[in-house]
A.B. asks: 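Got a structure here, written out as C-alpha cells. Questions coming.
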Amino acid sequence: MRVRMLIGTLFVAVLAVVARGQQNAPPPPQKAIPNVLNFTTKQVLDMAEDFPADKYEFQATPEVRSFREVIVHAMSGTAFAGKIARGEQAQWDEIDPKGFKDKAAVVAEFKKIASGLDAGLKALPAARFASSPQPFLNVVEHTGEHYGQLVVYYRLNKMVPPASRPAPKK
C-alpha cells in the first residue's frame, strides 16, 4: 500500500513538473523577437512622452546628446527596423534631430515610426525569424543602450523613469 501511495505521489509530482515546464516554454522566435523589439521601443517612447518638454534639451554633459537628440537617435534604429520588416531596402540612416524642434514633434514622429514597426513585424512570415534574427536583435540592443542612457538623464533631473515607478494599486 505504501509503495502504491509513493508511486502515485511521484507520478502526480512528475505530471506537475511536466505541466509547469510546458507552461513556461519560451515563445518561438517569430513571437519573441517582435515582442522584445516592441517592448524596448515602447519603453523609450514612454520616456519621450513623459519627460518634461522644458527639459528636452537637457544634456548630462556638454559633450553628449540632449534628451531630444537621444530620443531621435533611438528612433532612427526603430525606423530602420520598420523598413526591414516591411521588406524595404534600408540603411541605418540617422534621422536628423534638427528636424524635430520640440517634444510634440518628436513624440508624434516616434509614434508613427513605432506603429509602422509593429505593423511590419506582424506581417513578417515566421520563417523570416527562423532564418536570422538580424537586424532586429541589433536594434533591440541599440534601443536598450539608449534606454539606459535616458534613465541617467531622468535620474540627473531627480526624476523616476516610467518603467521604474511603482505600479498603481488596484
Side-chain angles (χ1 to χ4, degrees), residues 21-53 55-60 64-155 159-165 167-168:
Q22 289 174 347
Q23 291 172 354
N24 293 333
Q30 67 267 21
K31 292 207 184 292
I33 294 168
N35 287 349
V36 171
L37 186 51
N38 282 326
F39 177 78
T40 56
T41 298
K42 183 178 180 338
Q43 283 187 304
V44 174
L45 179 56
D46 287 348
M47 291 173 135
E49 293 178 303
D50 179 72
F51 208 71
K55 294 185 182 286
Y56 249 57
E57 295 309 314
F58 174 80
Q59 294 172 268
V64 300
R65 294 177 173 116
S66 68
F67 182 89
R68 177 183 56 83
E69 291 168 328
V70 174
I71 293 288
V72 173
H73 176 73
M75 187 170 69
S76 297
T78 304
F80 172 74
K83 287 178 183 177
I84 297 295
R86 291 187 301 273
E88 299 172 17
Q89 291 294 323
Q91 297 292 326
W92 191 302
D93 295 326
E94 192 70 27
I95 296 173
D96 189 353
K98 293 176 188 162
F100 304 92
K101 298 291 183 192
D102 61 15
K103 175 180 177 174
V106 170
V107 170
E109 185 66 13
F110 202 166
K111 283 181 176 180
K112 186 173 102 178
I113 287 172
S115 178
L117 169 65
D118 183 51
L121 290 170
K122 285 178 180 172
L124 275 176
R128 169 59 179 86
F129 295 104
S131 65
S132 173
Q134 296 300 353
F136 305 111
L137 291 183
N138 287 346
V139 176
V140 168
E141 178 185 11
H142 176 260
T143 305
E145 288 170 356
H146 290 296
Y147 171 81
Q149 180 183 10
L150 294 168
V151 167
V152 172
Y153 284 39
Y154 264 81
R155 299 299 184 180
M159 297 170 58
V160 177
S164 297
R165 294 178 191 154

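Please read these numbers as outputs of a predicted model, since none were measured by experiment.
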A.B. asks: Could you state the interatomic distance from CG (Asp50) to CG (Leu150), rounded to the nearest 0.5 Å?
C.D. replies: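 Those atoms lie 11.5 Å apart.
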
A.B. asks: Do the non-hydrogen side-chain atoms of Phe58 and Tyr154 ever get within less than 4.5 Å of each other?
C.D. replies: no

A.B. asks: Taking only residues at least two apart or on different chains, which pairs with a member in residues 117-130 satisfy side-chain hydrogen bond (donor to acceptor under 3.5 Å, both in side chains)?
C.D. replies: Asn38-Asp118, Asp118-Lys122

A.B. asks: Show the nearest heavy-atom pair for residues Ser76 and Asp93, with the distance to one decimal.
C.D. replies: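 Where Ser76 meets Asp93 most closely, the heavy atoms are CB-O, 3.8 Å.
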
A.B. asks: Tell me, please, which residues at least two apart from Lys55 pass side chain to side chain contact (heavy atoms under 4.5 Å, CB included).
C.D. replies: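 Counting only residues at least two positions away or on another chain, Lys55 forms a side chain to side chain contact (heavy atoms under 4.5 Å, CB included) with Phe51, Pro52, Asn157, Met159.
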
A.B. asks: What residues form a ring-ring contact (aromatic ring centres under 6.0 Å, His included) with Phe100, not counting sequence neighbours?
C.D. replies: none

A.B. asks: Answer whether the closest heavy-atom distance between the side chains of Pro161 and Met47 falls below 4.5 Å.
C.D. replies: yes

A.B. asks: List the residues meeting side chain to side chain contact (heavy atoms under 4.5 Å, CB included) with Gln149, not counting sequence neighbours, and say none if there are none.
C.D. replies: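 Gln149 satisfies side chain to side chain contact (heavy atoms under 4.5 Å, CB included) with Val70, His146, Tyr153 once adjacent residues are dropped.
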
A.B. asks: Test your reading of the model: is there a side-chain donor-acceptor pair from Thr78 to the backbone of Ala114, 3.5 Å cut-off?
C.D. replies: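 Here the side-chain-to-backbone pair does not exist.
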
A.B. asks: Looking at residues at least two apart in the chain, or sitting in another chain, which of them share a side chain to side chain contact (heavy atoms under 4.5 Å, CB included) with Ala81?
C.D. replies: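 With neighbours one apart ignored, the set is Leu37, Leu117, Phe136, Val139.
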
A.B. asks: So does Lys111 get a backbone contact from the side chain of Ser115, meaning a donor-acceptor N/O pair under 3.5 Å?
C.D. replies: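 Checking the backbone N and O of Lys111 against the side chain of Ser115, no donor-acceptor pair under 3.5 Å is found.
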
A.B. asks: Ala85 and Leu124: which non-hydrogen atoms are nearest, and at how many Å?
C.D. replies: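 That would be O-CD2, 3.4 Å.
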
A.B. asks: Excluding sequence neighbours, so at least two apart, what forms side chain to side chain contact (heavy atoms under 4.5 Å, CB included) with Ser66?
C.D. replies: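 Applying side chain to side chain contact (heavy atoms under 4.5 Å, CB included) to Ser66 gives Glu57, Gln59, Arg68, Glu69.
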
A.B. asks: Any side-chain heavy atom of Thr41 within less than 4.5 Å of one from Phe110?
C.D. replies: yes

A.B. asks: Considering only residues two or more places apart or on different chains, which pairs with a residue in residues 79-91 satisfy side-chain hydrogen bond (donor to acceptor under 3.5 Å, both in side chains)?
C.D. replies: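 Qualifying pairs, neighbours excluded: Arg86-Glu88.
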
A.B. asks: Out of curiosity, His73 NE2 to Ile71 CD1, how far, rounded to the nearest 0.5 Å?
C.D. replies: 11.0 Å

A.B. asks: List the residues meeting side chain to side chain donor-acceptor pair (under 3.5 Å) with Asn138, not counting sequence neighbours, and say none if there are none.
C.D. replies: Gln134

A.B. asks: To the nearest 0.5 Å, what is the distance between CG (Asn35) and CG (Leu121)?
C.D. replies: 9.5 Å

A.B. asks: Could you tell me the separation between the OG1 atom of Thr40 and the NE2 atom of His142, rounded to the nearest 0.5 Å?
C.D. replies: 11.0 Å

A.B. asks: Kindly write out the residues that satisfy side chain to side chain donor-acceptor pair (under 3.5 Å) with Lys31, not counting sequence neighbours, or none if the list is empty.
C.D. replies: none

A.B. asks: Taking the side chain as every heavy atom from C-beta outward, state whether Phe129 and Pro34 have any pair of such atoms under 4.5 Å apart.
C.D. replies: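 Yes - at least one pair of side-chain heavy atoms lies under 4.5 Å apart.
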
A.B. asks: Hey, are the side chains of Lys101 and Val106 touching, using non-hydrogen atoms and a 4.5 Å cut-off?
C.D. replies: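 No, every pair of side-chain atoms sits at 4.5 Å or beyond.
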
A.B. asks: State which residues pass side chain to side chain donor-acceptor pair (under 3.5 Å) with Tyr147; sequence neighbours excluded, sorted by chain then number.
C.D. replies: none

A.B. asks: Please enumerate all residues that pass salt bridge (charged side-chain N to carboxylate O under 4.0 Å, His left out) together with Lys42, with sequence neighbours excluded.
C.D. replies: Asp46

A.B. asks: If the condition is ring-ring contact (aromatic ring centres under 6.0 Å, His included), which residues does Phe80 pass it with, not counting sequence neighbours?
C.D. replies: Trp92

